[in-house]
Structures are given as C-alpha cells and as structure tokens.
Novice: 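Have a look at this one before I ask anything.
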Amino acid sequence: MLKGTKIYSIFTGSCPKCHQESMYKTKNPYVLSDVLKINDKCSKCNLTYRLEPSFFYGSMYVSYGVGIAFAMTTFLLSYLGFESSLMTAFIAIVVTMIVCGPIIMRLSRNIWINMFVGYDKEASNK
Ligand SMILES: [Zn+2]
C-alpha cells in the first residue's frame with residue numbers, strides 16, 4: 001500500500017530509495033536509546049543514508065515544522081474540540097511534545113532524507 005511514494009518511506013522509516021527495509025536499527029521509536037540510530041547502508045540497494053557528514057543535522061529544520069504541526073493539532077483539539085482553558089491547552093501541548101518526541105524526531109529525519117533521495121524502481125527490484 002502506497003509503496004513507491006515518499007509518503008510510504010516517511011511514515012514507515014524505510015529506505016527512501018528502495019522502500020524495502022527500515023533505516024533504523026530498532027523499528028520501535030520508543031526504544032529511547034536507539035531512537036536516532038540509523039544503519040550505515042541499505043542492505044538491499046546499498047544506499048548510504050548519511051549522504052554527507054552530519055547530514056541529519058539538517059532535519060532539525062524539518063523537526064521545527066513537524067513540531068509546530070503537532071502542537072497546532074493538539075491546541076485545536078483541546079481548545080476548540082474539548083473547549084478547555086488556555087492553560088489546559090498549553091499543558092496538553094507540552095505533554096504531546098514530550099510523548100510524541102521520538103515520533104517527531106524520526107518523522108523529521110524521514111522527511112529530510114526523502115527531500116534528497118527519490119524512489120528508484122530499479123533498486124527495489126534487485
Ligand atoms: Zn534501499
């Protein structure tokens with residue numbers, strides 16, 4: 001389902017080139033010691049994930065945007081959806097940011113690498 005689209009790679013954390021295996025050493029983002037541990041290469045298509053030294057530092061810019069999206073969604077849900085006070089909405093945002101932190105970090109990295117590497121049908125057939 002959706003395999004071959006950037007959306008698939010972004011939400012599954014799979015290799016952006018062949019979509020055949022996870023980039024991460026541990027698939028579950030809540031294993032906190034491994035949250036940012038990325039394999040060096042894709043074993044299927046041989047793509048090196050760090051395109052250049054410190055490549056993933058750039059994902060911090062993406063993470064800002066993703067964080068805002070999570071915060072806005074939480075605010076709209078709590079303030080407008082559940083008609084909570086501003087203070088409650090603020091607390092809900094802080095809790096969401098902490099609880100979803102690992103997901104936000106991984107989503108940002110996935111979006112970042114997908115901005116530079118596209119799906120390659122040839123690579124996925126190998
Ligand atoms: Zn690959």
Side-chain angles (χ1 to χ4, degrees):
M1 185 193 77
L2 284 177
K3 214 168 183 175
T5 64
K6 286 190 186 292
I7 301 287
Y8 177 84
S9 171
I10 287 169
F11 283 103
T12 59
S14 58
C15 168
K17 193 172 173 191
C18 70
H19 295 184
Q20 295 203 339
E21 67 168 37
S22 174
M23 292 191 288
Y24 298 96
K25 289 196 194 293
T26 311
K27 250 193 150 181
N28 181 353
Y30 285 98
V31 180
L32 292 180
S33 58
D34 285 351
V35 68
L36 294 178
K37 285 197 181 138
I38 268 182
N39 294 318
D40 290 331
K41 278 181 172 199
C42 174
S43 69
K44 302 282 194 306
C45 70
N46 221 19
L47 172 75
T48 307
Y49 294 132
R50 282 184 186 79
L51 303 183
E52 56 189 38
S54 312
F55 172 68
F56 284 105
Y57 277 103
S59 70
M60 284 191 294
Y61 302 108
V62 180
S63 130
Y64 178 74
V66 175
I68 297 286
F70 272 72
M72 276 306 290
T73 308
T74 309
F75 175 77
L76 292 176
L77 271 178
S78 65
Y79 191 67
L80 301 176
F82 293 100
E83 294 178 356
S84 64
S85 68
L86 270 180
M87 193 58 196
T88 313
F90 176 73
I91 292 169
I93 290 173
V94 172
V95 170
T96 306
M97 296 308 272
I98 293 170
V99 171
C100 295
I103 295 176
I104 293 173
M105 281 191 261
R106 284 208 168 173
L107 268 181
S108 327
R109 286 188 159 216
N110 299 346
I111 292 171
W112 183 246
I113 195 169
N114 268 282
M115 285 162 73
F116 297 95
V117 183
Y119 179 63
D120 182 351
K121 215 172 181 183
E122 306 274 294
S124 69
N125 290 333
K126 276 178 197 162

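Quick caveat: nothing in here was measured; it's all calculated off a predicted structure. Numbering of ligands and ligand atoms starts at 1, following listing order.
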Novice: Angle at the Zn ion (ligand 1) between SG of Cys45 and SG of Cys42, to 10°?
Specialist: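 Between SG of Cys45 and SG of Cys42, the angle at the Zn ion (ligand 1) is about 110°.
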
Novice: Determine whether Lys17 and Cys42 make a side-chain contact, defined as any pair of heavy atoms from C-beta on separated by less than 4.5 Å.
Specialist: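 The answer is no, as the side chains (C-beta and beyond) never meet within the 4.5 Å cut-off.
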
Novice: May I ask whether Met60 and Leu107 are part of the same hydrophobic cluster, defined by side-chain heavy atoms of I, L, V, M, F, W, Y residues being less than 4.5 angstrom apart, directly or through others?
Specialist: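 In one cluster with Met60: Leu107, no.
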
Novice: Can Tyr24 be reached from Ile104 by stepping across I, L, V, M, F, W or Y side chains whose heavy atoms are under 4.5 Å apart?
Specialist: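 Same cluster.
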
Novice: Walk me through it: do Tyr8 and Tyr119 pass the test ring-ring contact (aromatic ring centres under 6.0 Å, His included)?
Specialist: CA-CA 10 Å; Tyr8 177 84; Tyr119 179 63; 8.7 Å; no

Novice: Hey, what's the angle at the Zn ion (ligand 1) spanning SG (Cys15) and SG (Cys18), nearest 10 degrees?
Specialist: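 Result: 110°, to 10°.
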
Novice: Under 2.8 Å from the Zn ion (ligand 1), is there any N, O or S atom belonging to His19?
Specialist: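 It does not: His19 brings no N, O or S atom closer than 2.8 Å to the Zn ion (ligand 1).
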
